[in-house]
2 protein chains.
Amino acid sequence: MTTQSRATLADVAMLAGVSSKTVSRVFAGAGNVSSDTRERVLKAAKRLRFRPNNLARNLRRGGVTNTVAFVIGDLKNPFYFHVAAGIERELALRGLTMVLATTDDSPDSEERVVDALISQRVRALLLIPIADDQSYLEGERQLGTPVVSVDRPARNLVADSVVLQNRQGMADAVRSLTAIGHRRIGFISNPSAMYTQRERLAGYREALREVGVTETAQWERLDDDPDISPELAVQSLLDLPDPPTAIVAGNNRGSAGAVRVLRNLEPPVAFIGFDDFELADALDISVVAYDPMELGRTAARLALEHLADPDSFTKQVEIPTRLIHRGSGEIPPPR
Amino acid sequence: MTTQSRATLADVAMLAGVSSKTVSRVFAGAGNVSSDTRERVLKAAKRLRFRPNNLARNLRRGGVTNTVAFVIGDLKNPFYFHVAAGIERELALRGLTMVLATTDDSPDSEERVVDALISQRVRALLLIPIADDQSYLEGERQLGTPVVSVDRPARNLVADSVVLQNRQGMADAVRSLTAIGHRRIGFISNPSAMYTQRERLAGYREALREVGVTETAQWERLDDDPDISPELAVQSLLDLPDPPTAIVAGNNRGSAGAVRVLRNLEPPVAFIGFDDFELADALDISVVAYDPMELGRTAARLALEHLADPDSFTKQVEIPTRLIHRGSGEIPPPR
DNA sequence: ACAACTTCGGACAGCGCTGACATTTTTGTT
DNA sequence: AACAAAAATGTCAGCGCTGTCCGAAGTTGT
């Protein structure tokens with residue numbers, strides 16, 4: 001007697017001496033069942049260790065599940081999992097569960113992964129677009145599955161989206177540097193081709209243009225090779241004949257690199273990162289911060305709203321950023 | 001024509017002029033289908049935007065899914081997330097997906113959450129036990145669902161488990177401190193009641209006993225109130241009339257606090273943390289490190305093994321830890 | 001005592017798919 | 001050309017559940 005089989009409604013019904021429909025009523029919550037029978041059913045269910053089969057229930061109910069999918073490029077990025085935590089939190093409030101799928105940051109696998117999720121009949125789809133084209137989701141959207149694009153807008157697809165105030169956040173950071181006299185400001189970004197980085201770069205240039213600096217190319221280190229360490233990018237800026245007096249980073253990977261290189265430098269180089277990180281306070285690193293959980297919560301909320309009102313218009317939400325002054329961004333230029 | 005309904009096998013079959021079973025064969029991969037019909041079917045499926053319904057497939061196949069659940073206390077802890085990443089990675093190799101559920105670190109909700117997952121007919125259950133008793137899973141285990149306990153052993157339940165070398169890892173850290181002369185060594189831990197912390201505490205005491213130090217109570221700061229900051233615990237150690245010359249922390253929360261307090265202290269106090277963290281290298285913090293993803297990968301592998309051979313014996317796996325010397329743990333005691 | 005109503009419980013079909021088995025078509029062999 | 005073997009396709013039932021419809025009790029008022 002190893003692997004006996006699982007009890008079904010019918011088994012419970014038989015043991016309790018009622019019809020399976022009555023058992024169904026007990027477990028579905030609603031329905032007219034006398035407390036007497038209800039108790040008998042529950043007791044029988046307990047004896048048999050019965051658990052309702054959600055697969056069957058969902059199939060019967062029209063083939064939708066209580067599951068929302070979140071498609072991520074790479075789980076190891078702490079940013080993503082804060083977002084995931086926000087999503088999970090928000091979904092749990094509505095009794096929904098989150099499945100997590102990753103594409104390994106490979107555009108090719110995105111459609112494959114999403115396809116598999118749709119086969120699972122997920123209730124909604126939240127994704128951080130990696131591929132250049134999400135038009136393959138158009139059909140699904142028309143069938144009523146909410147699609148929310150997170151952190152970057154989807155391409156060739158009408159979908160709700162939640163992004164950060166990338167441009168303005170970075171511009172604010174750079175402005176706070178120009179305000180205290182910096183003019184030669186470096187910008188490091190890797191990978192630089194993606195939406196968020198392009199936006200932040202635009203913000204950087206915009207803020208410098210406001211103080212009359214238009215030739216920024218020499219101070220931009222835009223890479224798209226994960227093997228190029230941010231440390232290297234920072235160092236190459238410092239090695240310039242006329243090195244920057246301040247540096248900003250496009251993401252927390254860049255910040256980590258910058259921190260390692262810029263510590264104990266004389267004269268000190270001002271620095272502001274994008275994305276807050278653990279111990280940034282202990283290291284006195286100024287950053288453009290935001291609430292990544294809020295990003296997730298908002299994404300989930302958009303999906304739920306769309307579920308509640310399928311004909312609602314597409315929404316674009318921007319999550320605010322704010323500059324946190326901790327010291328590294330307040331270092332004035334030398335002399 | 002807003003929300004039209006989803007195409008089924010039968011719809012595709014009709015359009016392609018074949019039986020639904022043939023369409024099923026095409027999508028199930030296997031089966032003998034002439035390339036001629038296959039193409040016709042695929043074309044029809046594409047026209048109708050058909051996606052096989054996994055709900056129905058799984059129900060028909062005996063009520064199991066391709067889904068493995070990972071039950072976590074709190075998603076915001078980066079440690080858990082790396083574990084989750086490892087699980088996801090390993091499962092993806094076998095075509096399985098991971099659903100993530102959280103219990104908000106509340107013992108009460110554990111059973112509720114697990115129950116819901118079982119109703120979803122997850123293929124296996126990986127969980128970080130929070131409650132004091134996992135006996136409620138016994139029935140499920142007998143039905144053949146692999147249950148793997150992660151980071152802590154399950155209680156009152158025979159289940160595979162993957163834990164860290166907590167005791168030995170901490171003992172190694174303390175030994176490396178006693179080796180360079182430290183005798184007054186502080187230990188901070190919060191929450192201290194949980195298995196991992198108790199083990200690490202045991203390792204700490206063991207290593208001190210080896211050098212004849214048996215009265216350690218005064219140097220132990222064992223709290224179970226999340227509101228007590230690790231900074232406070234560290235400070236209270238430093239305020240002792242005879243303060244410790246070295247401090248070890250039971251988790252990375254403690255490390256973050258210790259880093260903040262111990263920086264720029266004169267004379268310096270040696271420190272070793274448990275759990276590596278971002279920028280620990282930049283801060284020269286020595287830690288007991290391990291690979292959290294490996295923890296997840298191993299857990300997933302155990303579940304898969306059990307799935308392959310349901311009668312296999314229960315396994316307990318320990319993930320090795322290693323002491324990383326970065327400077328903070330190599331500071332000798334004063335004089 | 002009887003109609004009118006409410007409450008409780010059951011019979012049945014079918015959600016979309018696939019396993020077992022049956023049937024037709026194709027291919028190979030002599 | 002005749003036949004067997006192999007390949008391709010079809011038929012049918014049913015996975016576990018619930019929506020719909022219906023019947024059998026119990027309850028109330030006159």
Side-chain angles (χ1 to χ4, degrees), chain A residues 3-42 44-45 48-66 116 118-123 143-144, chain B residues 3-42 44-45 48-66 116 118-123 143-144:
Chain A
T3 327
Q4 64 221 1
S5 72
R6 212 176 277 277
T8 70
L9 272 192
D11 299 331
V12 178
M14 173 135 2
L15 182 60
V18 297
S19 84
S20 61
K21 179 69 229 219
T22 302
V23 182
S24 165
R25 286 203 182 90
V26 171
F27 280 90
N32 303 322
V33 184
S34 69
S35 59
D36 184 46
T37 14
R38 174 190 308 278
E39 233 163 86
R40 214 145 30 92
V41 166
L42 287 176
L48 296 176
R49 296 216 180 87
F50 168 75
R51 320 266 184 179
N53 184 333
N54 250 326
L55 244 51
R57 168 181 288 175
N58 290 333
L59 175 59
R60 183 58 234 265
R61 288 245 182 103
V64 286
T65 60
N66 307 313
I118 292 174
S119 279
Q120 316 260 20
R121 293 295 186 270
V122 293
R123 200 72 163 285
L143 285 170
Chain B
T3 326
Q4 65 220 0
S5 72
R6 213 176 275 277
T8 71
L9 271 191
D11 299 331
V12 177
M14 174 135 2
L15 183 60
V18 296
S19 82
S20 62
K21 178 71 229 220
T22 301
V23 181
S24 163
R25 287 202 181 92
V26 170
F27 279 90
N32 304 319
V33 184
S34 71
S35 59
D36 185 46
T37 22
R38 174 189 310 277
E39 234 163 83
R40 213 144 31 93
V41 166
L42 287 175
L48 296 176
R49 294 213 182 92
F50 168 76
R51 318 267 184 179
N53 184 334
N54 250 326
L55 245 52
R57 168 181 288 178
N58 289 334
L59 175 59
R60 181 60 233 263
R61 288 245 184 104
V64 286
T65 60
N66 307 314
I118 292 175
S119 279
Q120 315 262 19
R121 293 297 186 269
V122 292
R123 200 72 163 286
L143 286 171

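Just so you know, these numbers come straight off a predicted model, no measurement behind them. Computed from heavy atoms alone, side chains included, the values below leave out hydrogens, waters and symmetry copies. Convention: sequence-line order gives letters A, B, ...; per-chain numbering from 1.
- Rounded to the nearest 0.5 angstrom, B:N53 CG and A:L59 CG are separated by 6.0 Å.
- In this structure, B:L55 and A:T65 have side chains that are in contact, with non-hydrogen atoms separated by less than 4.5 Å.
- Closest to the side chain of A:T22, out of D:dA8, C:dG9, D:dT11, is C:dG9.
- Under the side-chain hydrogen bond (donor to acceptor under 3.5 Å, both in side chains) criterion, B:R123 pairs with no residue at all, not counting sequence neighbours.
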Kindly give the atom pairs (protein nitrogen or oxygen, nucleotide nitrogen or oxygen) under 3.5 Å for nucleotides 15-17 of chain C.
| unit_1 | atom_1 | unit_2 | atom_2 | d |
| --- | --- | --- | --- | --- |
| C:dC15 | O2 | A:R60 | N | 3.4 |
| C:dG16 | N2 | B:A56 | O | 3.4 |
| C:dC17 | OP1 | B:N53 | N | 3.0 |
| C:dC17 | OP2 | B:L9 | N | 2.4 |

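- The CG atom of A:D36 sits 14 Å away from the C1' atom of D:dA25 (whole-angstrom rounding).
- In this entry the distance linking CZ of B:R25 with P of D:dT11 reads 11 Å, nearest Å.
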Criterion side chain to side chain contact (heavy atoms under 4.5 Å, CB included) on B:T37 and B:V26, from CA distance to verdict: CA-CA 9 Å; B:T37 22; B:V26 170; over 6 Å; no
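- One atom, CG of A:N58, and another, C1' of C:dG14, lie 16 Å apart when rounded to the nearest Å.
- Side-chain contact between B:R38 and B:R25 is absent, with no heavy atoms from C-beta onward closer than 4.5 Å.
- A:R57 CZ to A:L9 CG: the interatomic distance, rounded to the nearest 0.5 Å, is 8.5 Å.
- Atom C1' of nucleotide D:dC17 and atom CD of B:Q120 are separated by 15 Å, given to the nearest angstrom.
- For the pair B:K21 NZ and C:dT23 P, the interatomic distance rounds to 17 Å; values are reported in whole Å.
- The phosphate of C:dC8 has neither OP1 nor OP2 within less than 4.0 Å of any side-chain N or O from A:T37.
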